[in-house]
Amino acid sequence: MKMETRVFPDLEALSRGALDELMRILKDSVAQRGRFAIALSGGHTPAKLYSLWAQDEKYKTKTPWDHVHLFWGDERYVPRDDRLSNYRMTREALIEHVPIPASNVHSLPTELSDPEKVAETYESELRNFFGFEPPAFDLQLLGLGGEGHTASLFPGSSALEEKQRWVVSVEVPAKPPRRLTMTPVVLDCGRNTFFLAAGADKREILAALRSEPDKGTSQYPAARIHPRGPVLWFLDHAAVDWQDRFGKAPGPK
Ligand code: 6PG
């Protein structure tokens with residue numbers, strides 16, 4: 001699998017590198033379409049990027065927040081104030097600290113008693129937002145699980161075969177097990193996609209992904225997403241097997 005990678009010494013540098021790219025895409029999107037629609041990822045890795053976006057004046061003041069629309073590529077089926085909620089993580093790291101209009105924060109209605117209803121409701125919100133256009137986010141942030149999952153698309157999930165629906169409710173082998181996730185129907189429309197992967201625990205899966213054929217039915221969901229637009233992999237030294245990549249250890253001789 002061909003990977004356009006950007007490798008950084010650590011998570012802080014990786015997050016700044018991704019934010020610099022995000023700001024470029026944001027500027028172009030607002031200039032061309034009057035808005036910047038971003039699908040956020042959950043888990044631990046993006047939290048640093050979110051807090052830098054909120055705390056560093058270089059990014060915060062240059063962001064036209066009333067043109068920014070936040071969505072989530074996946075969410076855990078827990079209340080929005082639950083510690084496992086991707087929305088809560090983003091609220092605490094970013095949303096609470098920036099002047100973004102509440103109507104531009106499109107979180108999943110996980111308070112609904114039926115997860116299928118949450119998926120349908122969020123899909124309608126996406127269809128309202130994108131109108132008749134394909135659901136092409138200006139930027140999609142995606143993470144990577146040790147077994148190759150991304151968003152909440154896990155190996156063997158029927159959601160990977162979805163051809164109609166934009167959002168589905170899934171049961172996954174992780175905590176919490178009930179999740180909502182965008183499907184490849186949406187993710188394959190992305191104008192720009194960033195995979196963020198940091199830490200030694202991502203080294204094995206990244207090496208496995210590299211040896212995967214580009215097209216076709218990989219067992220790894222992250223290799224099953226084929227966005228229309230460019231895909232960039234933001235990695236840190238710990239996640240990269242230097243010996244395998246460069247035949248030498250990182251840093252000066
Ligand atoms: C989630 C995510 C998931 C995440 C990966 C990587 O809701 O958990 O969206 O896809 O990106 O599990 O998680 P880490 O960044 O914590 O390693």
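When a ligand or atom number is given, it counts from 1 through the structure's own listing order. Because the structure is a prediction, the values reported are computed rather than measured. We're numbering straight along the sequence, starting at 1.
An N or O contact shorter than 3.5 Å is missing between Leu142 and ligand 1 by distance. Residue contacts with ligand 1: Ala151 is placed with a nitrogen or oxygen under 3.5 Å of a nitrogen or oxygen of the ligand (distance criterion only). Close N/O approach between His44 and ligand 1 is found [any backbone or side-chain N/O within under 3.5 Å]. The shortest N/O to N/O separation between Ser152 and ligand 1 does not fall below 3.5 Å.
The six-membered or imidazole ring of Trp233 lies near that of Phe195, with a centre-to-centre distance under 6.0 Å.
Set against the non-hydrogen atoms of Thr45, the atoms of ligand 1 under 4.0 Å away are 14 (P), 15 (O), 17 (O). Close approach to Gly143 involves these atoms of ligand 1, each under 4.0 Å from a residue heavy atom: 11 (O). For ligand 1, the atoms closer than 4.0 angstrom to any heavy atom of Arg76 are 1 (C), 7 (O), 8 (O). Less than 4.0 angstrom separates some heavy atom of Asn86 from each of these atoms of ligand 1: 1 (C), 7 (O). Using a 4.0 Å cut-off to heavy atoms of His149, the atoms of ligand 1 that qualify are 3 (C), 5 (C), 10 (O), 12 (O). The atoms of ligand 1 that sit less than 4.0 Å from any heavy atom of Leu144 are 6 (C).
Shortest non-hydrogen contact noted between Pro46 and Met89 is CG-CE, 4.2 Å.
With Ser107 as reference, Arg80 is the one residue of Glu125, Arg80, Arg91 to meet the side-chain hydrogen bond (donor to acceptor under 3.5 Å, both in side chains) rule.
Between Lys58 and Asp20 there is a salt bridge, with a side-chain nitrogen of the basic residue lying less than 4.0 Å from a carboxylate oxygen of the acidic one. In this structure, Asp56 pairs ionically with Arg16, as a charged nitrogen and a carboxylate oxygen lie closer than 4.0 Å. We find that Arg33 and Asp138 are joined by a salt bridge, their nearest charged nitrogen and carboxylate oxygen being less than 4.0 Å apart. One finds no salt bridge joining Glu96 and Arg88 here, because no Lys/Arg side-chain nitrogen approaches an Asp/Glu carboxylate oxygen to under 4.0 Å.
In this structure, the protein non-hydrogen atom closest to atom 17 (O) of ligand 1 is Lys202 NZ, 2.6 Å. Of the protein's non-hydrogen atoms, the one nearest atom 9 (O) of ligand 1 is Asp74 OD1, 2.7 Å. Nearest protein neighbour of atom 13 (O) of ligand 1, counting heavy atoms only, is Gly43 CA, 4.0 Å.
A donor-acceptor pair under 3.5 Å links the side-chain atoms of Thr121 to the main chain of Lys117, judged by distance alone.
Heavy atoms of Arg179 approach ligand 1 to within less than 4.0 angstrom.
Seen from the ring of Tyr87, Arg76 does not count as a face-on cation partner, given the 6.0 Å and 45° thresholds.
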